[in-house]
Q: 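Have a look at this one before I ask anything.
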Amino acid sequence: MPVSGLGAYDDQNIFARILRGEIPSKKVFEDEFAFAFHDINPQAPVHVLVIPKARFVSLADFSARASQAEIAGFWRAVGAVARDLELEVPGYRILANVGEHAGQEVPHFHVHIFGGRPLGRMLER
Ligand code: AMP
C-alpha cells in the first residue's frame with residue numbers, strides 16, 4: 001500500500017503522463033531510475049523537477065516502498081542533474097513538497113532543483 005495522505009497512486013497524474021510521453025516536457029536528464037525536466041512555471045532562473053520512473057505518490061511513499069537500487073539511483077540522478085546544469089558552484093536548493101501542508105500539487109514524488117540566483121533563507125515566515 002502507498003504510504004501517503006494523498007491516497008493511492010493515480011496513473012493519470014500529469015507526471016505519469018509526461019513519463020509515458022503523452023504530454024511534452026523539456027527533458028534535461030533520463031536514466032533507468034529518473035527523469036528530469038524544466039518546471040512549466042519556474043520560480044528561479046533554473047527550476048528543474050526530478051522524478052523517479054516508478055510509481056510513488058510522495059517522498060513518504062518512496063522512502064517506505066522503493067528498493068535500495070531505486071533510492072540510490074534516484075538520488076544519484078538528482079545530484080547528476082544539478083552537476084550537469086553547472087549549479088554546484090555557486091550552489092542550488094532542492095525541495096520536495098509532501099502532502100497538504102506543503103502544498104504538494106502533483107501526486108508523483110518529485111524533487112525541485114532551484115538555482116541561478118541567490119535564493120535567500122529557506123521558508124517565508
Ligand atoms: P508541487 O507543488 O511540489 O507538487 O509542484 C508541482 C510542480 O509541477 C509545480 O512547480 C508546477 O509548476 C509543475 N508542473 C505542473 N505541470 C507541469 C508540466 N506539465 N510540466 C512541467 N512542470 C509542471
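Because the structure is predicted, anything quoted here is derived from the model rather than measured.
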Q: Looking at Glu22, I'd like to know if its CD atom is crowded, meaning that more than 12 non-hydrogen atoms belonging to other residues, nucleotides or ligands lie closer than 6.0 Å.
A: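 Yes, because the 6.0 Å sphere around CD of Glu22 holds more than 12 heavy atoms from other groups.
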
Q: Looking at side-chain heavy atoms only, is the closest gap between Val81 and Val48 below 4.5 Å?
A: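 With C-beta onward as the side chain, the pair touches.
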
Q: Are any side-chain N or O atoms of Arg65 and backbone N or O atoms of Arg55, one a donor and one an acceptor, separated by less than 3.5 Å?
A: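 Yes, because the side chain of Arg65 sits within donor-acceptor range (under 3.5 Å) of the backbone of Arg55.
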
Q: To the nearest 0.5 Å, what is the distance between CG on Leu19 and CD1 on Ile51?
A: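 Nearest 0.5 Å value for the CG-CD1 distance: 3.5 Å.
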
Q: May I ask you to check whether His110 and His112 place their ring centres under 6.0 Å from each other?
A: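 Ring centroids of His112 and His110 are less than 6.0 Å from each other.
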
Q: If I compare all heavy atoms of Ala82 with all of Ile113, which pair ends up nearest, and what's the gap?
A: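 The answer is N-CD1, 4.2 Å.
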
Q: Closest approach of Gln12 and Arg17, non-hydrogen atoms and distance?
A: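 Minimum heavy-atom separation between Gln12 and Arg17: O-CD, 3.5 Å.
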
Q: Using a 6.0 Å cut-off, check whether atom CZ of Arg76 has over 12 heavy atoms from anything other than its own residue.
A: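 Counting neighbours around CZ of Arg76, 12 or fewer heavy atoms of other residues, nucleotides or ligands fall under 6.0 Å, so no.
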
Q: For the hydrophobic clusters of this structure (ILVMFWY residues joined by side-chain heavy atoms under 4.5 Å, transitively), does one cluster hold both Phe15 and Trp75?
A: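 Hydrophobic grouping puts Phe15 apart from Trp75.
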
Q: If Ile, Leu, Val, Met, Phe, Trp and Tyr residues are connected whenever their side-chain heavy atoms lie under 4.5 Å apart, and connections chain through other members, are Ile40 and Val106 in the same group?
A: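 The answer is no; the residues belong to distinct hydrophobic clusters.
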
Q: For Leu119, is there any backbone N or O sitting under 3.5 Å from a side-chain donor or acceptor partner on Arg93?
A: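 A pair under 3.5 Å: yes.
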
Q: Under 3.5 Å, sequence neighbours excluded: what are the donor-acceptor pairs made by side chains of residues 24-39?
A:
unit_1, atom_1, unit_2, atom_2, d
Lys27, NZ, Glu30, OE1, 2.8
Glu30, OE2, Lys53, NZ, 2.7
Asp31, OD1, Phe33, N, 2.9
Asp31, OD1, Ala34, N, 2.9
Asp39, OD1, Asn41, N, 2.8
Asp39, OD2, His47, NE2, 3.3

Q: What closest approach, in Å, do Glu70 and Ala66 show between heavy atoms, and which atom pair accounts for it?
A: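 Scanning both residues completely, I find the closest heavy atoms to be OE1-CA, 3.4 Å.
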
Q: Mind listing the closest non-hydrogen atom pair of Gly116 and Leu87 along with its distance?
A: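 For Gly116 versus Leu87, the nearest heavy atoms are N-CD2, 4.1 Å.
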
Q: Of all heavy-atom pairs between Gln104 and Val57, which one has the smallest distance, and what is that distance?
A: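 Between these two residues, the closest heavy atoms are NE2-O, 3.0 Å.
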
Q: So, using ring pair (Phe, Tyr, Trp, His ring centres under 6.0 Å) as the criterion, who are the partners of Phe109 when residues are at least two apart?
A: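 Once residues adjacent in sequence are excluded, the partners of Phe109 under the ring pair (Phe, Tyr, Trp, His ring centres under 6.0 Å) criterion are Phe62, Phe74.
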
Q: Taking Ile14 as the starting point, is it possible to reach Leu6 by hopping between hydrophobic residues whose side chains are less than 4.5 Å apart?
A: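 Leu6 does not cluster with Ile14.
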
Q: Same cluster or not: are Leu49 and Val78 linked, directly or through other Ile, Leu, Val, Met, Phe, Trp or Tyr residues, by side-chain heavy atoms under 4.5 angstrom apart?
A: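 Different clusters: Leu49 never reaches Val78 through Ile, Leu, Val, Met, Phe, Trp or Tyr contacts under 4.5 Å.
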
Q: Answer yes if Tyr9 and Ile18 sit in the same cluster of Ile, Leu, Val, Met, Phe, Trp and Tyr residues linked by side chain heavy atoms under 4.5 Å apart, and no otherwise.
A: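 No; tracing contacts between hydrophobic side chains, which count when under 4.5 Å, never links both residues.
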
Q: Looking at Asn13 and His108, what are the two nearest heavy atoms and their distance?
A: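 Result for this residue pair: OD1-CB, 3.4 Å.
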
Q: From Phe114 CZ over to Tyr92 OH, what is the distance, rounded to the nearest 0.5 angstrom?
A: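 Phe114 atom CZ to Tyr92 atom OH measures 13.5 Å (nearest 0.5 Å).
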
